[in-house]
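Each chain gets a letter, A, B and so on, in the order the sequences are listed, and its residues count up from 1. The model shown is predicted, which means the values in this text are computed figures rather than measured ones.
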Number of protein chains: 2
Amino acid sequence: MGITIKDVAKKAGVAPSTVSRVIADNPRISIETKKRVRKAMKELGYHPNINARNLVARSSQAIGVIMPSSADKALQNPFFPEVLRGIGSYAHETQYSLYVATGGNEEQALEEVKRMVNGNIVDGLILLYSRMHDPIQQFLTEKQFPYVIVGKPSELENEITYVDNDNVKASKDLTTHLIELGHEHIAFIGGSTELTVTIDRLIGYKAAILEANLPLPTEYMVHTEFLKSGGREAVAQLFQLEQPPTGLVVADDLMTLGVIHALEEAGISCPQDVSITSFNNLYLAEITTPPLTTVDIQIYQLGVQSARCLIEKTKNKEEPAKRIIIPYEIKYRKSTTAIKK
Amino acid sequence: MGITIKDVAKKAGVAPSTVSRVIADNPRISIETKKRVRKAMKELGYHPNINARNLVARSSQAIGVIMPSSADKALQNPFFPEVLRGIGSYAHETQYSLYVATGGNEEQALEEVKRMVNGNIVDGLILLYSRMHDPIQQFLTEKQFPYVIVGKPSELENEITYVDNDNVKASKDLTTHLIELGHEHIAFIGGSTELTVTIDRLIGYKAAILEANLPLPTEYMVHTEFLKSGGREAVAQLFQLEQPPTGLVVADDLMTLGVIHALEEAGISCPQDVSITSFNNLYLAEITTPPLTTVDIQIYQLGVQSARCLIEKTKNKEEPAKRIIIPYEIKYRKSTTAIKK
DNA sequence: ATGAAAGCGCTAACAC
DNA sequence: GTGTTAGCGCTTTCAT
């Protein structure tokens, strides 16, 4: 089963190596033989065996994508298919294949990574999350295996290539927007503090608040599991306070959906009673009630650029670590409004 | 770079073939040599080169997953990461790797499929969509390449293995539920009529309506692009009618989100003015306002079972085509209520 | 129970 | 320009 390079060679009346060179489009082969060989390939329906090629080339022309371990529901976030689409697009362009690992739990994820790396299945990896004390990162760093992070590394920031937004600034902008609308009581709802993205967005929020000389009670900074129970607890906590917030910075659109729902249940409506700002500009940010003022972080581009970086890196191992910052754009919609006096 | 089977053989004082047999856990090797060889592998940090193995085995221990071409926003549907998680879980268990292709457009998707199939990159494919006149399916069928569909094939139903829900029945149940709540004017909002899933859900809807001897004006069956513009047109169309519906069967939770939003804009509220039923039980179905009555189609299981079928099939090419029907469960929530008299 | 050797399909020196 | 040949790392007869 399967036409090989030899069959083509025979049919075209040349040596196998010539066929190989034609495939590689080696300039030292005459145009005429190229034509003849290509014709033979067509007629026989030849397709190169990637495994054989990779075996000798010691590379796989494939990159791996590691999703966050799926114990939590975070994977249901449309963020992931969207980055994947970006990565896939660049991979396709450059003829790379795309492996994914959706580790059930942390341990399984590590196993998969080891399999991919040790088995020469992929030339490099993209991590779609960034956590502190991540055994996968440790493993890759030790092995000196090429990888890039979508998001910001929690440590060794200068030694790891990553693709990210300026989340601090974006968050600050968002908060400042609320301040400019007259809000003086602004709270922050974020995901796990283990995630660097949460931390950055928190920092930006704090910076804006402090700069404006507004109060910053610790009760205004709430962290909830990324999706679980839709931010209900967060809302409960915040709106029981003596001085409940009138503005909210929420770290993710999907979380915001939960927040809005919890608010409605509590009889608080957006934007009349509370203005909400959010992150990611998922498709659903436009079709919620109200549509969300949110940061478009260009998820697709995050994907494309991470793939680009990684592939560069696998081709040139000496490529220095770099950071790529993807610009963001705030989409102003109906979930924010000026404070009523 | 890389420890090979030879290094292990030398260190353990055996022949390479013996090491190979140890890896395969061949019973004809004595326990003692096995131990010795395994020890050597550990000490050297040996890992088999998958490419070499696959080259001789003529298999890749990998399966490919084809997403729908991402031109539309459908990919942002959390359905996809969720099936992927299911597939990945089974693949991991069985030590298979997972390739994905997120074709930009139809043509690119076909290219990727050809690359995967012809290059021996994968042993089989899972299609995460089912469309009429799909060139990818045609290609695979011609090649006799193993594949399974998540969803129902539009043709050759008995010759293709697929994993699906009983969408007709589920849709009928949903519609009947509305009827039992006293609704007499029930409309259907579905996605593209090219998708078999839409068709099945439409059939179920119709069956229930007819069985109850209710009117079934053609204006009550609306098809909109799966996500685009959040069902706004659909809503506009339906609620301009002389007799607007009081019950809605919508083919997807994410679409429903758009529908609810459009309704609110039009001053129609759910469930007071219109009851809504939906499909998929995405995470967000619980955190919308109101929470949705929706069919839990067990997306994760769809993934697991499709992987299981496919892997069985790649191992035994004679495995007959079969259909696996995953049970569903209707989640009754607040988006449906009895009609007010 | 183990070793020797051939070969999977391809590429890359090295010849000429 | 093109052919010859030697592997890449592994599995798998065929011997012993």
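In the helix from C:dA1-D:dT16 to C:dC16-D:dG1, the end axes, each obtained as the rotation axis mapping the C1' atoms of four pairs onto the next four within a five-pair block, lie 40° apart to the nearest 10 degrees.
Contacts of A:Tyr129 classified as ring-ring contact (aromatic ring centres under 6.0 Å, His included), with partners at least two apart in sequence or in another chain: none. By the side-chain contact (heavy atoms from CB on, under 4.5 Å) test, B:Ala57 is found to be paired with no residue, residues two or more places apart in sequence or in another chain being considered. In this structure B:Lys315 satisfies the side-chain contact (heavy atoms from CB on, under 4.5 Å) test together with B:Tyr96, B:Ile311, sequence neighbours excluded. Under the side-chain contact (heavy atoms from CB on, under 4.5 Å) criterion, B:Lys10 pairs with no residue, sequence neighbours left out. Under the side-chain hydrogen bond (donor to acceptor under 3.5 Å, both in side chains) criterion, A:Ser20 pairs with no residue at all, not counting sequence neighbours. Evaluation of the side-chain hydrogen bond (donor to acceptor under 3.5 Å, both in side chains) rule for A:Gln301 yields A:Gln305 as partners, not counting sequence neighbours. For B:Lys11, the side-chain contact (heavy atoms from CB on, under 4.5 Å) partners two or more places apart in sequence, or in a different chain, are B:Ala40, B:Glu43, B:Leu44. Not counting sequence neighbours, A:Tyr46 has no partner by the ring-ring contact (aromatic ring centres under 6.0 Å, His included) test.
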When you compare the protein's N or O atoms with those of nucleotides 12-16 of chain C, which come within less than 3.5 Å of each other, and at what distance?
{"from": "C:dA13", "atom 1": "N6", "to": "A:Arg21", "atom 2": "NH1", "distance (Å)": "3.3"}

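For the segment residues 35-48 of chain A, no residue has any heavy atom less than 4.0 angstrom from an atom of DNA chain D.
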Under 3.5 Å, side-chain donor or acceptor atoms of residues 146-160 of chain B against the rest of the protein: list the pairs with distances, not counting sequence neighbours.
{"from": "B:Tyr147", "atom 1": "OH", "to": "B:Thr141", "atom 2": "OG1", "distance (Å)": "3.2"}
{"from": "B:Lys152", "atom 1": "NZ", "to": "B:Asp200", "atom 2": "OD1", "distance (Å)": "3.3"}
{"from": "B:Lys152", "atom 1": "NZ", "to": "B:Asp200", "atom 2": "OD2", "distance (Å)": "3.1"}
{"from": "B:Ser154", "atom 1": "OG", "to": "B:Arg131", "atom 2": "O", "distance (Å)": "3.4"}
{"from": "B:Glu157", "atom 1": "OE2", "to": "B:Tyr162", "atom 2": "OH", "distance (Å)": "3.1"}
{"from": "B:Glu157", "atom 1": "OE2", "to": "B:Arg323", "atom 2": "NH1", "distance (Å)": "3.3"}
{"from": "B:Asn158", "atom 1": "OD1", "to": "B:Arg323", "atom 2": "NH2", "distance (Å)": "2.8"}

